Every structure is written in C-alpha cells, then in structure tokens.
Amino acid sequence: MASPHSHVDFMPEPPGELLEAHALIGKPLAAALLRELAHREVPVALRRRCDPRARAMGRLVDCSDDALTLEPDDVEPGVLLAEDDDYVAVAYLDGVKIQFDARLRTGGQERRLLRGPAPLAVYRLQRREAYRVAVTARKGHCALRFAPGDELAVGIVDLSARGLLLAWPRPTPPVIGTVWEHARIEFADRPPLPCTLVACRTDVVDDGSMLVGCEFGPLPPEIERAVQVLVNDLQRGTPTIS
C-alpha cells in the first residue's frame with residue numbers, strides 16, 4: 001500500500017497542538033471521515049500510545065457509528081502490537097491530516113485484525129487557512145435533501161473550501177450535528193456541486209434571522225477542486241471575510 005507521505009508525516013500531533021488548532025470535530029463528521037478512509041482504503045499509521053516504537057501501517061476495513069476494524073499489513077520488525085492497548089492512528093484524506101485515538105484488541109479467528117469501539121476523539125488538521133467569500137442571494141443557493149422529493153433551497157451567505165454559512169429560512173434551526181448527505185451547491189452559471197454537509201453551529205443576528213454554519217463532509221477530489229475554483233472565482237469580484 002503505497003503512500004506519498006513519509007513516516008515523519010505520519011507522526012501524531014501532540015495534544016497541545018491539537019487543542020491550539022481547534023482540530024477536534026463533531027461525531028457525525030468524524031464518522032463520515034472514518035467511513036471515507038475505509039472506503040478509499042487509505043493507508044493508516046498506527047502507534048501504541050505507551051510505546052511509539054510499536055508502529056504499523058494498515059488500513060480501516062470496517063467502520064460504523066459504534067465500532068471500527070483495522071488490518072495492519074506492515075509491522076516494524078521485532079515490534080509486536082499488543083493484544084489490547086491504546087493506539088494513535090494517523091491518515092491523510094485528500095492532503096488533510098486525520099488523527100484519532102482508539103482502544104483496539106486482537107482476538108477471534110482473524111488475529112491480524114484489530115477491533116475496538118468508535119474513537120471518542122477525531123481530529124482534522126487543515127494545513128491551509130480557508131478564507132470565506134460573501135455570496136449574494138441572487139448568485140447561488142444550497143439544496144438540502146431531507147428525503148426523496150423533499151428538498152429545501154437555502155441561500156448561501158458565505159462560502160469557503162471548508163464549508164458554508166446558510167440563511168436558514170425556517171423558525172426552528174437544525175440540530176447541531178445534522179448531516180445532509182445529498183446536498184448540492186447550485187449557481188446559475190455552472191453545474192451543481194454535490195456534497196455532504198454537517199450543521200456545526202447556529203447564530204441569530206440582530207434582525208432576528210437565523211444563520212446555520214455547515215462544514216463539508218468528505219468530498220471527492222474533483223468536487224473539492226470545483227469548490228475551490230468556485231471560491232476563487234467569487235473572491236475575484238467579492239470581498240473576503242476575515
């Protein structure tokens with residue numbers, strides 16, 4: 001399993017830096033990221049918390065809301081993984097570093113597999129700062145799908161490579177952590193961009209209207225590029241937001 005990143009890149013970030021970077025993400029988005037790592041068979045570096053020398057490369061083979069399974073395939077010579085221990089895992093998804101803690105154990109008929117409960121903390125370290133660009137109501141909106149045939153068109157207030165801010169049209173805000181897996185960003189002059197959105201915050205402004213901040217879930221590389229192109233195009237004619 002080849003990876004463009006070196007062993008140094010796969011070193012875990014210390015807790016202080018994780019806190020400083022505000023890298024902790026909510027459970028719905030965390031679960032979506034882990035499922036995407038499994039789906040794409042992304043290389044994952046695994047280290048024992050108590051002994052960082054005990055390192056293995058592998059991949060997530062299964063991930064649910066409650067549990068995960070990893071398959072190590074490249075264990076350092078002379079270093080055995082413990083049968084029941086705390087680990088730190090590091091992977092890269094489209095150039096973004098993902099780090100999580102996991103309590104894993106071996107056992108059963110397939111002793112090469114490590115299984116454990118879903119991580120309590122998952123961190124996403126975005127190395128580049130994502131500027132936000134204001135969007136006027138006439139330029140574009142986001143279509144949120146609640147069920148087949150049940151969609152809501154919501155105005156976009158601002159947009160960045162990491163997410164967007166919506167002008168929520170209903171009196172009751174969505175629950176923080178709500179996931180829209182079949183959302184679309186739609187502008188009149190370009191093809192719609194399908195995406196997954198996770199509601200991460202709500203705000204009420206002075207006039208009583210409501211804003212809902214959303215982060216993108218895992219995006220295919222071509223959609224991620226298209227979002228960045230859209231942000232860049234909007235930025236040429238629209239002031240950025242600090």
Side-chain angles (χ1 to χ4, degrees), residues 1-6 9-10 13 18 21-45 59-60 63 89-100 122-135 139-145 151 153-166 177-201 212-238 240-241:
M1 184 185 308
S3 170
H5 299 279
S6 69
D9 294 327
F10 280 104
E13 301 290 336
L18 294 174
H22 303 288
L24 181 67
I25 57 178
K27 185 174 180 180
L29 180 55
L33 286 173
L34 294 178
R35 286 195 297 268
E36 191 69 9
L37 291 176
H39 175 70
R40 298 199 205 175
E41 300 185 347
V42 172
V44 177
R59 63 188 179 95
L60 275 167
C63 181
V90 174
Y92 282 84
L93 188 64
D94 299 325
V96 178
K97 191 173 186 177
I98 309 297
Q99 180 172 321
F100 60 92
V122 178
Y123 303 92
R124 181 176 64 176
L125 293 115
Q126 189 85 19
R127 291 307 184 188
R128 63 178 184 274
E129 292 297 324
Y131 57 81
R132 296 182 292 143
V133 178
V135 178
K139 282 188 175 182
H141 67 272
C142 184
L144 303 178
R145 182 183 180 189
E151 291 190 349
V154 184
I156 301 174
V157 177
D158 66 55
L159 177 68
S160 78
R162 297 181 62 178
L164 44 76
L165 186 65
L166 300 175
T178 298
V179 180
W180 293 285
E181 293 186 339
H182 303 285
R184 300 186 310 277
I185 298 172
E186 297 185 339
F187 281 71
D189 58 347
R190 61 186 69 210
L193 300 177
C195 60
T196 296
L197 292 174
V198 181
C200 58
R201 76 174 196 276
V212 175
C214 298
E215 288 189 348
F216 290 123
L219 299 176
E222 64 275 11
I223 298 299
E224 185 177 30
R225 286 193 296 270
V227 170
Q228 187 63 67
V229 169
L230 174 58
V231 171
N232 290 342
D233 289 347
L234 292 171
Q235 191 271 336
R236 291 188 181 98
T238 311
T240 58
I241 302 172

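Because the structure is a prediction, the values reported are computed rather than measured.
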Next on the checklist: I'd like to know whether Arg124 forms a side-chain contact (heavy atoms from CB on, under 4.5 Å) with Leu29, so could you lay out the CA-CA distance, the side-chain angles of the two residues, the decisive distance to 0.1 Å, and finally the verdict.
Outcome noted: CA-CA 10 Å; Arg124 181 176 64 176; Leu29 180 55; 4.0 Å; yes
Item to check | SG on Cys214 to CG on Leu159, rounded to 0.5 Å | outcome: 11.5 Å
Next on the checklist: Please give me the minimum heavy-atom distance between Tyr92 and Val42, naming the atom from each residue.
Outcome noted: O-CG1, 3.2 Å
Checklist entry - Can you check whether Gln235 reaches Asn232 side chain to side chain, under 4.5 Å on heavy atoms? => result no
Next on the checklist: How close do Ser160 and Val227 get, counting heavy atoms only, and between which atoms?
Outcome noted: O-CG1, 3.9 Å
Item to check | Shortest non-hydrogen contact between Pro192 and Arg184, atoms and distance | outcome: CB-CD, 4.3 Å
Checklist outcome for this item: Nearest heavy-atom contact between Val231 and Ala161 is CG2-N, 4.1 Å
Item to check | Euclidean distance, His141 NE2 relative to Leu164 CG, rounded to 0.5 Å | outcome: 12.0 Å
Checklist entry - Are any non-hydrogen side-chain atoms of Cys195 and Ile185 less than 4.5 angstrom apart? => result yes
Checklist entry - Under the side chain to side chain contact (heavy atoms under 4.5 Å, CB included) test, which residues partner Pro191, sequence neighbours left out? => result none
Checklist entry - Can you name the closest pair of heavy atoms from Arg35 and Cys63 and give their distance? => result CG-O, 3.9 Å
Checklist entry - Would you call Arg201-Glu215 a salt bridge at under 4.0 Å N-O? => result no
Checklist entry - Taking the side chain as C-beta and beyond, is there a heavy-atom pair between Arg225 and Gln228 under 4.5 Å? => result no
Checklist outcome for this item: In this structure, CD of Glu151 is separated from SG of Cys142 (nearest 0.5 Å) by 10.0 Å
Next on the checklist: Measuring from atom CG of Asp158 to atom CG of Leu165, what distance do you get when rounded to the nearest 0.5 angstrom?
Outcome noted: 4.5 Å
Item to check | Any side-chain heavy-atom pair of Leu34 and Leu60 under 4.5 Å | outcome: yes
Next on the checklist: Taking the side chain as everything from C-beta on, heavy atoms only, tell me whether Val135 gets closer than 4.5 Å to Val157.
Outcome noted: no
Item to check | Worked verdict on Thr196 versus Phe216 for side-chain contact (heavy atoms from CB on, under 4.5 Å) | outcome: CA-CA 6 Å; Thr196 296; Phe216 290 123; over 6 Å; no
Next on the checklist: Assess whether a salt bridge exists between Arg145 and Glu181, defined as any Lys/Arg side-chain N lying under 4.0 Å from an Asp/Glu carboxylate O.
Outcome noted: no
Next on the checklist: Could you go through Leu230 and Arg190, starting from their C-alpha distance and side-chain angles, then the distance that decides it, and tell me whether this counts as side-chain contact (heavy atoms from CB on, under 4.5 Å)?
Outcome noted: CA-CA 9 Å; Leu230 174 58; Arg190 61 186 69 210; 3.6 Å; yes
Next on the checklist: Under the criterion side-chain contact (heavy atoms from CB on, under 4.5 Å), I'd like the reasoning laid out for Val154 against Leu144: C-alpha separation, chi angles, the key distance, then a yes or no.
Outcome noted: CA-CA 7 Å; Val154 184; Leu144 303 178; 3.9 Å; yes
Checklist outcome for this item: Here the gap from Leu33 atom CG to Ile98 atom CD1, rounded to the nearest 0.5 Å, amounts to 5.0 Å
Next on the checklist: With rounding to the nearest 0.5 angstrom, report the CG to CG distance, Leu166 to Leu197.
Outcome noted: 7.0 Å
